[in-house]
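Below is one structure, written out as structure tokens, with a few remarks after it.
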Amino acid sequence: MTAALRGPPARGRLRGVSGQVGGIEVLPFGFLLFVSVSLLFVNVWGVVDAKLAVTSAAREAARAYSESDDEPSARFAASARASETLAAYGRGGSRAVVNVPILSDFRRCARVTITVSYEVPAIAVPFIGGFGSSQQVTSSFTELVDPYRDRLAGETRC
């Protein structure tokens with residue numbers, strides 16, 4: 001092999017500072033991209049976690065409603081149980097809405113559907129709170145009033 005095919009000797013190529021900062025402008029862009037993707041994943045996980053919380057709250061509220069003795073106490077028990085469940089998930093407060101319908105005929109085997117909604121902020125910062133446009137996560141659960149419950153009038157006709 002001749003010297004012309006091999007190129008300049010390594011000593012000559014590695015001298016000087018030319019090319020030393022080539023590519024350093026990509027570091028801020030990479031950092032910005034990393035932060036943006038991290039915030040996106042945190043937001044997605046916040047929505048998934050809120051969905052789990054409202055699903056559990058709706059299920060527990062429907063169970064509390066179906067096991068009550070009368071309609072006013074059933075409404076109170078359902079709202080209280082949903083609030084307790086959301087608080088256990090760390091999702092209580094003014095962002096949560098529990099919709100308990102009023103049944104005109106509270107009887108055995110009556111069907112009730114409880115809906116729980118929660119607003120998830122676009123960006124949630126620990127110790128500061130959330131800001132940005134919010135996304136509403138909703139879940140419903142339907143259950144029958146307990147057909148074998150004591151202290152309810154009427155026969156079981158499910």
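These numbers were taken from a predicted model, which means no experiment stands behind them.
Within the 3.5 Å criterion, the main-chain N or O of Asp70 finds a donor-acceptor partner in the side chain of Ser73. Of the possible polar contacts, one joining the Lys51 side chain to the Thr138 backbone as a donor-acceptor pair under 3.5 Å is found.
Under the side chain to side chain contact (heavy atoms under 4.5 Å, CB included) criterion, Ala61 pairs with Ala78, Ala82, Ile114, not counting sequence neighbours. A search for side chain to side chain contact (heavy atoms under 4.5 Å, CB included) contacts involving Arg59 returns Thr55, Ser56, Arg63, Phe141, not counting sequence neighbours.
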Assess whether side-chain contact (heavy atoms from CB on, under 4.5 Å) is satisfied between Arg91 and Asp49, documenting all intermediate values.
CA-CA 9 Å; Arg91 299 280 180 179; Asp49 187 44; 3.0 Å; yes

Under the side-chain contact (heavy atoms from CB on, under 4.5 Å) criterion, do Tyr118 and Val120 qualify, and how do the steps go?
CA-CA 6 Å; Tyr118 187 81; Val120 180; 3.9 Å; yes

Side chain to side chain donor-acceptor pair (under 3.5 Å) evaluation trace for Ser66 with Glu143:
CA-CA 7 Å; Ser66 70; Glu143 190 153 325; 3.1 Å; yes

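Separating the CZ atom in Phe34 from the CG atom in Leu27 is a distance of 13.5 Å, to the nearest 0.5 Å. With rounding to the nearest 0.5 Å, the separation of CD in Glu71 from OH in Tyr65 is 4.0 Å.
Following chains of ILVMFWY side-chain contacts shorter than 4.5 Å, one can reach Val47 starting from Val116, so the two form part of one hydrophobic cluster.
Summarising the geometry of Ser140 relative to Thr113, their closest heavy-atom pair is CB-CG2, 4.1 Å, with the distance given to 0.1 Å. Ser68 and Ala77 get closest at one heavy-atom pair: OG-CB, 3.9 Å.
Looking only at side-chain heavy atoms (C-beta outward), Arg95 and Ser117 stay at 4.5 Å or farther from each other. Taking 4.5 Å as the limit, some side-chain heavy atom of Arg111 sits within range of a side-chain heavy atom of Thr142.
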What pairs of donor and acceptor atoms, side-chain ones from residues 96-103 against any protein atom, are under 3.5 angstrom apart with sequence neighbours left out?
none

